[in-house]
Amino acid sequence: PVKEDQEYVDSILEDVRWLVAGDTSGTDPWNGNVRHASDYFDVFYAAAEHLIKKGKAYVESLSADEMKEYRGSLKTPGKESPYRNRSVEENLEMFRKMKAGDYEEGECCLRAKIDMASPNLNMRDPALYRIRKATHVMTGDKWCIYPMYDFAHCISDALEEITHSLCTLEFEDHRPLYDWVLDELEDSDLITCHPRQTEFSRLNLQYTVLSKRKLIQLVEGKHVNGWSDPRMPTISGIRRRGYTPAALKLFCERIGISKADNNIDMSVLEDCARTTLEDEAVRAFAVLNPIKVTITNWPEDKVEMFEADVHPKRDMGKREIPFSGSVYIDADDFSENPPKGFFRLTPGGSVRLKFAYVITCDEVIKDASGKVTEIKATYNPDTRAGQTPEGMKKVKGIIQWVSTDTAVPCEVRLYDRLFTAENPGSGHEDGDFLKDLNKDSLQVVQGAVEPAIKTMLDSTHVQFERVGYFCQDSEDSKPDALVFNRVVTLRDNWSKQAKPAPAKAKAAAPVDRNS
């Protein structure tokens with residue numbers, strides 16, 4: 001009960017609503033009322049008394065350490081407890097005293113009577129009930145004894161008439177106990193069906209951790225900003241990041257189900273996001289690291305409007321982009337010392353501003369530290385909207401831009417993978433996964449977006465052209481203070497980093513042509 005919390009309950013319900021309907025506030029997608037294991041506490045208790053009356057359960061008075069000692073190991077059989085052969089009457093009396101609160105925590109517990117020599121440790125008289133004097137989130141202080149998971153699991157399934165109970169592979173050794181409990185209750189009137197437990201491999205995702213214990217460490221250690229941090233692999237986290245239910249369903253379809261251990265590359269999930277967002281995300285220009293470009297030959301106070309599709313492949317309407325003599329371009333689209341193959345703006349070089357004109361860099365202005373603060377350029381009026389005048393060499397580079405007069409300021413959170421290692425912690429002797437945290441998993445920049453974004457805020461996602469897919473932050477974004485989260489980049493930037501360098505080819509052995 002101490003691990004139960006209403007916040008977790010509400011979060012699970014919200015997650016299920018979103019996964020099914022894409023909305024956290026819509027109609028409940030489940031059949032009937034929400035079921036809690038605590039709804040069946042009376043049945044669990046009756047089932048325990050039924051087992052006691054059959055001589056299949058007994059109250060144990062050994063301490064936890066003694067029980068562990070008596071349990072044996074994989075190589076040695078267990079020993080029977082000296083309290084194993086208490087009479088049915090004594091066991092019933094003691095169990096009812098446990099319920100009444102007459103014993104302290106750890107003083108005794110209820111165990112199944114199965115086989116202390118079983119090769120399966122789970123069948124060596126496992127605990128069914130223990131004393132825990134704590135308030136339960138659903139039942140308050142009504143109970144001071146609580147069923148163990150293995151006991152509650154199978155009975156809950158039977159009460160809800162589950163046909164197939166799907167579990168991960170670590171529960172495979174628990175299946176005999178699952179069946180034993182249900183078999184022993186068949187002669188009662190408590191259950192009417194016997195579900196079948198089936199196991200499959202759990203999902204392991206590279207560059208993150210899925211263990212609840214490790215996730216708690218991340219939250220409590222302030223390595224992330226809570227359970228809904230967009231870097232967290234929780235449903236609330238990836239929902240806030242901007243992943244869609246369709247992307248998760250496509251991901252599940254692609255990876256399938258198996259009994260073999262698997263370790264899925266994060267790029268599979270990211271590609272599912274790209275695939276689903278490609279068709280639904282509206283388009284907009286955004287500059288995340290702005291440099292001002294002053295077009296010196298542009299007529300003063302003139303503003304020209306350029307029309308562009310809201311989506312290049314779907315009929316989602318048009319948007320108007322204002323162009324003036326002062327625009328922002330991204331700092332990454334300018335280089336004073338360009339590497340080979342750089343086709344964007346350079347001193348004396350030209351680039352096309354998408355949908356608008358070709359500009360040529362004439363002058364670079366820097367501050368005292370040498371940082372570029374402004375570029376002065378001229379535009380070619382004959383290059384409007386993609387035109388190339390006769391005799392002019394075609395410009396290869398095309399970049400996005402926003403007019404400084406109408407740009408909408410925004411905060412942009414560039415989220416990346418939370419860890420730098422595929423299997424966090426595996427490369428360290430102490431297994432400390434925190435040593436592999438990616439210090440660049442979140443970068444916050446102040447950007448500028450084209451003004452049409454104000455008419456697109458009802459859309460859930462936007463592709464900032466040449467940058468990536470984004471969505472408004474569900475907690476922090478406001479109409480007058482926009483905050484965008486990067487869902488995923490347009491391309492997989494990690495594959496090149498993770499790909500090992502090709503091995504050098506070995507020189508071929510000389511061939512004796514005369515042999």
Side-chain angles (χ1 to χ4, degrees), residues 1-6 8-9 33-68 70-71 80-116 122-160 174 177-192 195:
V2 294
K3 293 185 179 180
E4 298 291 339
D5 188 288
Q6 188 61 44
Y8 288 125
V9 175
N33 297 324
V34 175
R35 287 80 155 177
H36 306 89
S38 55
D39 296 340
Y40 312 129
F41 276 179
D42 288 319
V43 181
F44 298 154
Y45 180 81
E49 284 212 351
H50 181 78
L51 293 179
I52 293 173
K53 292 173 182 177
K54 289 181 63 174
K56 297 294 184 178
Y58 62 97
V59 174
E60 175 65 271
S61 296
L62 290 176
S63 68
D65 288 339
E66 289 171 331
M67 286 176 62
K68 184 177 180 181
Y70 274 60
R71 191 184 188 196
E80 291 188 358
S81 165
Y83 306 104
R84 194 174 194 265
N85 295 314
R86 280 174 166 154
S87 67
V88 168
E89 292 73 22
E90 185 180 4
N91 282 318
L92 275 176
E93 180 184 1
M94 292 185 70
F95 187 54
R96 289 167 182 171
K97 285 184 177 181
M98 284 174 57
K99 180 187 177 187
D102 293 348
Y103 299 112
E104 296 304 314
E105 291 186 12
E107 190 173 349
C108 54
C109 67
L110 183 71
R111 298 179 70 177
K113 186 186 288 188
I114 307 178
D115 182 5
M116 289 301 294
N122 295 297
M123 299 298 283
R124 294 184 185 178
D125 290 10
L128 303 181
Y129 260 92
R130 65 174 177 170
I131 301 169
R132 199 74 167 93
K133 295 186 176 181
T135 301
H136 191 278
V137 65
M138 294 294 178
T139 60
D141 296 321
K142 179 182 178 180
W143 296 88
C144 62
I145 58 172
Y146 292 94
M148 303 300 286
Y149 177 81
D150 281 336
F151 188 58
H153 174 202
C154 55
I155 299 176
S156 297
D157 286 348
L159 293 173
E160 293 171 7
H174 295 246
L177 178 56
Y178 183 101
D179 290 331
W180 181 89
V181 171
L182 296 181
D183 287 342
E184 294 298 337
L185 293 178
E186 282 184 356
D187 57 352
S188 73
D189 58 358
L190 299 173
I191 62 173
T192 58

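For the salt bridge (Lys or Arg N to Asp or Glu O under 4.0 Å) condition, no pair includes a residue of residues 150-159, sequence neighbours left out.
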Please list, one pair per line, the donor and acceptor atoms closer than 3.5 Å that link side chains of residues 42-53 to other protein atoms, with sequence neighbours excluded.
from  : atom 1 : to     : atom 2 : distance (Å)
Tyr45 : OH     : Glu49  : OE2    : 2.8
Glu49 : OE1    : Arg96  : NH2    : 3.2
Glu49 : OE2    : Arg96  : NE     : 2.8
His50 : NE2    : Asp187 : OD1    : 2.8

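For the pair Met116 and Tyr70, the tightest heavy-atom approach, listed with the atom from each and the gap, is CE-O, 3.5 Å. In plain terms, the two heavy atoms of His136 and Ser38 that are nearest each other are CE1-CB, 3.7 Å. Closest of all the heavy-atom pairs between Asp115 and Arg84 is N-NH2, 4.0 Å. Listed here is the closest heavy atom pair of Glu105 and Ile131: CG-O, 3.6 Å. Between Cys108 and Val59, the closest heavy-atom pair is CB-CG1, 3.9 Å. Residues Leu110 and Tyr58 approach most closely at CD1-O, 3.4 Å, considering heavy atoms.
Of the possible polar contacts, one joining the Lys54 side chain to the Glu184 backbone as a donor-acceptor pair under 3.5 Å is found. Formation of a donor-acceptor pair under 3.5 Å by the Tyr146 side chain with backbone atoms of Ala134 is found in this model. Side-chain atoms of Arg130 never come within 3.5 Å of backbone atoms of Leu128 as a donor-acceptor pair (strictly under, hydrogens ignored). Panel note: side chain Asn91, backbone Ser87; a donor-acceptor pair is recorded below 3.5 Å.
Residues that satisfy the salt bridge (Lys or Arg N to Asp or Glu O under 4.0 Å) test with Glu160, not counting sequence neighbours, are absent from this structure. Under the ring pair (Phe, Tyr, Trp, His ring centres under 6.0 Å) criterion, Tyr149 pairs with His153, Phe171, sequence neighbours left out. Considering only residues two or more places apart in sequence or on other chains, Glu66 meets the salt bridge (Lys or Arg N to Asp or Glu O under 4.0 Å) condition with none of them. With sequence neighbours excluded, the residues satisfying side-chain hydrogen bond (donor to acceptor under 3.5 Å, both in side chains) with Ser81 are Glu60.
Contact annotation: the side chain of Met94 approaches that of Tyr103 to within less than 4.5 Å [non-hydrogen atoms, C-beta and beyond]. For the pair Leu159 and Arg35, the minimum side-chain heavy-atom distance is 4.5 Å or more. Leu182 places a side-chain heavy atom less than 4.5 Å from the side chain of Pro195. Using a 4.5 Å heavy-atom threshold, the side chains of Ser156 and Asp39 count as separate.
In this structure, CD1 on Ile114 lies 9.5 Å from CG on Asn122, to the nearest 0.5 angstrom. Here the straight-line distance linking atom NZ of Lys113 with atom NZ of Lys56 works out to 8.5 Å at 0.5 Å rounding. Interatomic distance, SG of Cys144 versus NZ of Lys99, reported as 9.5 Å (0.5 Å rounding). Taken from CD in Glu186 to OG1 in Thr192, the straight-line distance is 11.0 Å, to the nearest 0.5 Å. Considering CG of Asp125 and CZ of Arg71, their distance stands at 10.5 Å, rounded to 0.5 Å. A distance of 12.0 Å separates CD1 of Ile155 from OH of Tyr40, quoted to the nearest 0.5 Å.
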Could you go step by step and tell me if Cys109 and Met67 meet the side-chain contact (heavy atoms from CB on, under 4.5 Å) rule?
CA-CA 11 Å; Cys109 67; Met67 286 176 62; 4.0 Å; yes
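Sparse packing is recorded around NZ of Lys97, with 12 or fewer heavy atoms of other residues, nucleotides or ligands lying under 6.0 Å away.
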